[in-house]
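Notes to accompany the following structure.
Each residue takes its place number in the sequence, starting with 1. Order of listing sets the numbers, starting from 1, for every ligand and every atom in it.
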Amino acid sequence: MTNRPADLPKHIQLYIDGEFVDAASGKTFDVINPATNETYMTAASGDKEDVDRAVAAAKHAFDEGPWSKMLNRERSRILHKIADVVESRDEELALIESWDSGLPITQAKGQARRAAENFRFFADLIVAQHDNAFRVPGRQINYVNRKPIGVAGLITPWNVPFMQESWKLAPAIATGNSVVLKPASYTPLSAALWPEIFEEAGLPKGVFNLILGGGGTAGDALVKHPDVPLISFTGDSSTGAQISTNAAPLLKGLSLELGGKSPSVVFADADLEEALDATVFSVFSLNGERCTAGSRVLVQRDIYDDFIERFAERAKNIVVGVPEDPKTEVGALVHPSHFDKVMEYIEIGKGEGRLLAGGGRPEGFPEGTYVAPTVFVDVKPDARIFQEEIFGPVVAITPFDTDEEALELANNTKYGLAAYVWTSNLKRAHNFAHAIESGMVWLNSNNVRDLRTPFGGVKASGLGREGGYRSVDFYTTQQNIQVTLNEAHSPRFGAGK
Ligand code: NDP
């Protein structure tokens with residue numbers, strides 16, 4: 001069985017002002033297939049000089065139009081075409097994502113549809129968009145003139161890369177901005193599809209520009225560029241902090257979607273079958289490489305022994321396999337360096353908790369970046385595997401007795417992205433949810449996302465919200481226009497003599 005997509009390129013390039021180009025320096029970097037560690041292509045490695053050219057092209061497109069000046073309806077039509085093209089490439093995209101990131105093929109399959117949906121959603125939203133007007137009868141009217149801002153810098157991580165890129169691209173261009181996208185270096189293959197998709201849909205040249213290259217070079221140059229007033233970043237919390245520092249002297253608009261160590265809290269009165277399905281899925285789906293993973297499971301003591309036994313049984317039965325096999329539930333981690341990081345945490349965990357499942361490579365996989373779904377129980381709240389984001393198929397489970405204790409445990413990390421609460425008590429569910437320090441809470445629910453809702457975290461999990469109108473707010477400026485309807489009534493300074 002091979003998942004090698006047909007017509008894999010040997011080399012991919014930057015895309016600036018409607019042209020595919022190599023880096024000005026001629027530098028490249030290697031891209032590997034994580035399942036085999038084989039280097040299968042090179043990518044142009046852009047740096048400051050290339051970023052300068054991409055930003056100049058994006059700024060020219062923004063200043064001269066037509067995109068930034070089009071009617072929302074006209075832009076909406078092109079966004080729907082983008083969605084059509086993305087959908088038509090569903091199969092190809094799933095193969096590419098699975099190949100480049102190690103994601104199981106069945107889980108890669110929905111990503112193109114989700115990406116297309118992001119474009120449809122903002123295509124519809126900008127047409128329905130209305131803005132405030134405030135009237136003081138007979139005296140004045142205020143109205144909001146909403147405008148795109150300019151060049152947006154979009155910096156994205158390697159987990160479900162194409163979908164995450166669409167999440168930023170769709171609202172940024174829907175609102176009339178131009179963009180420079182800098183995707184993660186581990187997974188640039190699917191990003192290389194965007195130029196063709198945008199060209200086919202009729203997006204004017206210069207509106208979308210793609211810079212491949214290192215975070216510390218190309219990403220850094222984008223963050224520090226004076227003609228890029230907006231940076232939308234998804235990635236690690238420490239990188240987010242660095243970007244925040246680097247963007248501060250230029251007072252840029254920042255949206256930071258960062259890491260997480262989200263709790264799944266299971267009370268004894270929960271529907272335990274549903275809770276088990278959801279908590280297992282939450283931490284092991286997408287290879288555990290998921291910012292909203294429920295990577296800490298807090299379980300009420302009355303059901304603890306039974307729950308952890310069943311949880312561990314399920315973890316042991318999870319099918320770890322080659323990403324292309326439709327039976328695979330956990331595939332290959334994205335890169336050997338990330339694999340090493342996850343394995344280090346597993347070794348740390350062996351001194352911090354009781355290992356009930358996994359704990360290293362799965363049987364039959366001496367090579368590649370495969371990790372057996374790993375369950376540690378009786379983990380103390382000060383343990384590193386309780387506190388730090390591992391971003392792999394590793395879970396820390398801890399018992400609690402009371403609601404107060406559960407809340408204290410849930411809030412006891414620097415992160416605050418998502419939380420999942422399982423209980424059949426309505427009042428407890430809501431009160432508990434309100435007290436949790438997280439940007440999002442799912443009650444008796446798997447991670448289901450309605451595109452209208454705010455997405456983002458508190459504490460070290462991020463700054464700002466995207467999703468629905470919040471994305472429109474981020475990528476636009478709201479200018480207030482005030483009109484006086486009768487005399488201006490200004491105090492007559494200097495008219496006294
Ligand atoms: P990183 O922070 O390492 O990288 C993210 C992106 O930033 C990459 O494109 C990277 O480039 C770039 N980058 C790195 N350093 C800089 C810099 N100094 N200036 C500008 N850009 C830079 O994160 P990962 O790619 O490792 O992604 C995993 C992280 O993303 C996890 O912590 C996860 O929780 C988080 N995440 C958060 C989500 C959320 O919505 N809250 C969603 C998904 C993931 P390069 O790849 O070349 O290093």
Side-chain angles (χ1 to χ4, degrees), residues 27 29-32 43-48 51 100-101 103 111 153-168 180-189 191 210-225 228 231-247 252 254-262 283 286-295 333-335 337-342 345 388-392 413-418 438-440 447 449 454-467 470-471:
K27 284 187 196 151
F29 62 95
D30 290 343
V31 185
I32 64 153
S45 185
D47 55 28
K48 186 173 179 308
V51 169
D100 201 25
S101 70
L103 203 62
Q111 299 303 328
L154 313 178
I155 303 177
T156 50
W158 45 257
N159 56 329
V160 283
F162 189 82
M163 202 286 290
Q164 297 226 47
E165 290 150 20
S166 74
W167 197 332
K168 297 188 189 302
V180 178
L181 170 68
K182 206 307 276 176
S185 302
Y186 286 171
T187 54
L189 180 60
L210 175 69
I211 294 289
L212 310 168
T217 47
D220 186 64
L222 193 54
V223 169
K224 292 178 179 163
H225 201 294
V228 180
I231 297 289
S232 175
F233 168 79
T234 299
D236 196 70
S237 297
S238 59
T239 318
Q242 181 70 52
I243 286 176
S244 186
T245 304
N246 292 343
K252 296 192 178 204
L254 278 185
S255 171
L256 303 174
E257 304 285 350
L258 309 176
K261 190 78 185 178
S262 302
V283 67
L286 307 180
N287 297 340
E289 297 164 324
R290 176 176 199 150
C291 56
T292 50
S295 51
L333 298 195
V334 70
H335 195 272
S337 314
H338 184 59
F339 170 82
D340 291 344
K341 176 188 145 181
V342 173
Y345 272 109
E388 296 172 24
E389 183 178 46
I390 300 173
F391 222 59
T413 70
K414 67 176 182 174
Y415 294 108
L417 188 58
S438 70
M440 297 163 287
N447 179 335
R449 176 129 162 72
F455 186 99
V458 297
K459 303 199 290 190
S461 290
L463 201 65
R465 291 288 178 278
E466 297 197 26
R470 289 131 205 115
S471 297

I'd like to check whether [X] has a polar contact with ligand 1, where a contact means an N/O of the residue lying under 3.5 Å from an N/O of the ligand.
X	answer
S461	no
L258	yes
E389	yes
I243	no
D236	yes
S185	yes
K182	yes

Looking only at protein heavy atoms, which one is nearest to [atom], and what is the separation?
atom	result
atom 35 (C) of ligand 1	G235 O, 3.2 Å
atom 28 (C) of ligand 1	F391 CE2, 3.8 Å
atom 8 (C) of ligand 1	T156 O, 3.3 Å
atom 12 (C) of ligand 1	I155 CG2, 3.7 Å
atom 27 (O) of ligand 1	P157 CB, 3.3 Å
atom 20 (C) of ligand 1	G219 C, 3.3 Å
atom 25 (O) of ligand 1	W158 CD1, 3.0 Å
atom 36 (N) of ligand 1	C291 CB, 3.6 Å

Given that the side chain starts at C-beta and the backbone is N, CA, C, O, which of these parts of [X] lies under 4.0 Å from ligand 1, counting heavy atoms, or is it both or neither?
X	value
H338	neither
N159	side chain
A218	neither

State if [X] counts as touching ligand 1 under the rule of any non-hydrogen atom under 4.0 Å.
X	value
G457	no
G462	no
Q164	yes
G213	yes

Using heavy-atom distances only, which candidate in P188, S237, G215 approaches atom 19 (N) of ligand 1 most closely?
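Ranked by closest heavy atom to atom 19 (N) of ligand 1, first place is G215.
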Identify, by atom number and element, the atoms of ligand 1 in contact range of [X], meaning under 4.0 Å from any of its heavy atoms.
X	answer
T239	1 (P), 2 (O), 3 (O), 13 (N), 14 (C), 15 (N), 16 (C), 22 (C)
T234	5 (C), 36 (N), 37 (C), 38 (C), 39 (C), 40 (O), 42 (C), 43 (C), 44 (C)
D220	19 (N), 20 (C)
P183	9 (O)
F455	40 (O)

Determine, counting only non-hydrogen atoms of the protein, whether one lies under 4.0 angstrom from atom 4 (O) of ligand 1.
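No, because not a single protein heavy atom sits under 4.0 Å from atom 4 (O) of ligand 1.
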Ring centroids only, cut at 6.0 angstrom: are H335 and W158 within range, meaning strictly under it?
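That pair fails the under 6.0 Å test.
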Quick one about K261 and T413 (side-chain donor to acceptor, distance below 3.5 Å, no hydrogens or angles considered), yes or no?
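No.
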Would you sort out whether K168 and T234 count as a side-chain hydrogen bond (donor to acceptor under 3.5 Å, both in side chains), showing the intermediate values?
CA-CA 10 Å; K168 297 188 189 302; T234 299; 2.7 Å; yes
A quick test of your reading: do over 12 heavy atoms of other residues, nucleotides or ligands sit less than 6.0 Å from NZ of K459?
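Yes, enclosed.
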Which heavy atom of F391 sits nearest to which heavy atom of E289, and what is that distance?
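Distance-wise, the nearest heavy atoms are O-CG, 3.4 Å.
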